[in-house]
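A note on names: the letters A, B, ... follow the listed sequences, proteins ahead of strands, and every chain is numbered from 1. Side-chain atoms are counted along with the backbone in the values below, which use heavy atoms only and exclude waters and symmetry mates.
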There are 2 protein chains.
Amino acid sequence: MKPFQKDFYIQEDKMYVATDCVIFGFDEGNLKLLIFKRRVKPLMGTWSLIGSFVKLDEDVKEAAKRVLKEITGLENVFMEELKTYGTTFRDPGYRTISIAQYALIRIGEYDKELVERHGAHWYDIEDVPDLVLEHNQMVKDALLRIRRKARYKPIGFELLPEKFTIPQLQKLYEAVYHKEIDSRNFRKKVLSLNVLVKLDEKDMSTSRRGAFLYKFDRKKYLKLQESGFNFEIA
Amino acid sequence: MKPFQKDFYIQEDKMYVATDCVIFGFDEGNLKLLIFKRRVKPLMGTWSLIGSFVKLDEDVKEAAKRVLKEITGLENVFMEELKTYGTTFRDPGYRTISIAQYALIRIGEYDKELVERHGAHWYDIEDVPDLVLEHNQMVKDALLRIRRKARYKPIGFELLPEKFTIPQLQKLYEAVYHKEIDSRNFRKKVLSLNVLVKLDEKDMSTSRRGAFLYKFDRKKYLKLQESGFNFEIA
DNA sequence: ACAAAAGTGTTTCTAATACACCCATGG
DNA sequence: CCATGGGTGTATTAGAAACACTTTTGT
């Protein structure tokens, strides 16, 4: 394949561009990270984020989504660029610039069989082992990013199932910010934003009484944004 | 030069990595952008951000600082990665991923002669012409970024001279957020943060009475950060 | 003496925080 | 009937926003 007729920049240096993905999940009150064993030389076999080289005729995000689907079976996942990591000799294999992404997935929905087959594992975020290159830094940076971002964008909902309870949502925020939140104030604030729809169903799995399920209403949220209102939780 | 002994990834695709810099300045109450005429084919001669290809043995930020110095004479400038722009066929010259940066410079300090010699110009931010590739998008994104960032980091001071007055600072925030701010509330808030040092000097250039000059105290700011306090202006 | 920008205080209102009890249910 | 997590209301406090006049000084 020859996507470009002519190379206008032939006197400049070419290098590899890769993308690595910090994949977050949320389960049983804990933030989790999906990592796997590196499949290419050098450093083959060490723990690593999921990543890939970017092909000449492929967008960076496309590449990231490709590997994410390959390993989890998931498509249409929330994913956003974090930043690039590409100091000169970071990668002993050759000059490679990695564009890190972070993704938020609903941990109940991924393809377990696929994940296992690729040697991938979910790790508690507090508990991540040493990763290849500066992937630990990427994780750290990604966590800071979602902490900041979750204050003004409703990204938390990307980690929960479609239907969730208020206590679940609270546990998520508690895990992200690593601190306890007063449940009365939390509920008050979340509901006052008016972006949740209460359903007639209850989740009976965590208490005898059951907790009402809610859905995030994207349309209401967009209206809220338009009106200049400031979305802010926790 | 041959910075790498061996290329482990030879079966993958190599491409160009560039960096473009959204350079902001602040003058006479207006946010300004430094742009210049593109010096390489294709699209030579069209308005463009200042940028460069990244060399094999050069960090991305290094490359950005190199061109910034080349054109403005400035070093030690505030610069931060914005995000990457690298869709497949965005650059007709060849597949190129650009890592956009934004820089904040003190507009009084750059080397005017150098800037002119490179055909660079300061444009009012409201008034930027059509730029090459998706550089207009980069400018837009950078502006959004500094708007968000200025709420919790003291980046505004990077755009002002070492010594500045409160009214000047206010005008800067007014330009960034494009709205008027009540001067009493602004002054109260800024001073309550306790990161400014009042000097014994006055700036007499804008009024008969003169306005006291202040300096931003980075040490006080760091202490503020440590104490978990939330820096927030405007 | 006046024009023009710098500087100063108080009141009002809104939103964050702190805090304790009742509810519903399955076992 | 009781243990467990779900759900509700109020008082206090802190900070944001609104608002108008006095000061200084070169001309």
With a 4.0 Å cut-off, would you call R117(B) and E113(B) a salt bridge?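 Yes, R117(B) and E113(B) are salt-bridged.
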Check ion pair D59(A)-K61(A) (N to O, under 4.0 angstrom):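 Between K61(A) and D59(A) there is no salt bridge, as every charged N stays at least 4.0 Å from the carboxylate O atoms.
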Tell me which of D182(B) and K171(B) sits closer to the 5' end of DNA chain C, going by the nucleotide each one is nearest to. K171(B)
Below 3.5 Å between N/O atoms, which protein atoms pair up with nucleotides 24-27 of chain D? Just atom names and distances, please.
from    : atom 1 : to      : atom 2 : distance (Å)
dG26(D) : N3     : R208(B) : NE     : 3.4

Check whether the ring centres of F216(A) and F164(A) lie less than 6.0 Å apart, and answer yes or no.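 No, they do not, as the ring centres are separated by 6.0 Å or more.
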When you measure from the centre of the six-membered ring of Y221(A), is the NZ or CZ of K219(A) under 6.0 Å away and within 45° of the axis?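 Negative - K219(A) is either too far from the ring of Y221(A) or too far off its axis.
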Given the ring of Y173(B), does K171(B) sit roughly above its face, with NZ or CZ under 6.0 Å from the centre of the six-membered ring and within 45° of the axis? no
Parallel, tilted or perpendicular: ring planes of F231(A) versus F157(A), cut at 30 and 60 degrees: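 If you compare the ring of F231(A) with that of F157(A), the planes turn out perpendicular.
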Please state whether the rings of W122(B) and Y110(B) are parallel, tilted or perpendicular, taking 30° and 60° as the class boundaries. tilted
By a strict heavy-atom criterion of less than 4.0 Å, which residues belonging to residues 184-194 of chain A are in contact with DNA chain D? R184(A), R187(A), K188(A)
Start and end of the DNA chain C segment that chain B contacts, any atom under 4.0 Å from a heavy atom: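 Going 5' to 3' along DNA chain C, contacts run dA5(C) to dT10(C).
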Check: residues 145-155 of chain B side-chain donor-acceptor pairs under 3.5 Å, at least two apart:
from    : atom 1 : to      : atom 2 : distance (Å)
R145(B) : NH1    : E81(B)  : O      : 3.3
R145(B) : NH2    : L82(B)  : O      : 2.7
R147(B) : NE     : V176(B) : O      : 2.7
R147(B) : NH2    : V176(B) : O      : 3.3
K149(B) : NZ     : E80(B)  : OE1    : 3.0
K149(B) : NZ     : E80(B)  : OE2    : 3.1
R151(B) : NH1    : A234(B) : O      : 3.2

Enumerate donor-acceptor pairs with a distance under 3.5 Å from any side-chain N or O in residues 28-38 of chain A to protein atoms, sequence neighbours excluded.
from   : atom 1 : to     : atom 2 : distance (Å)
R38(A) : NE     : V40(A) : O      : 3.2
R38(A) : NE     : P42(A) : O      : 2.8
R38(A) : NH2    : P42(A) : O      : 3.0
R38(A) : NH2    : Y9(B)  : OH     : 3.1

With sequence neighbours left out, write down each residue that passes salt bridge (Lys or Arg N to Asp or Glu O under 4.0 Å) with E232(A), or none if nothing qualifies. none
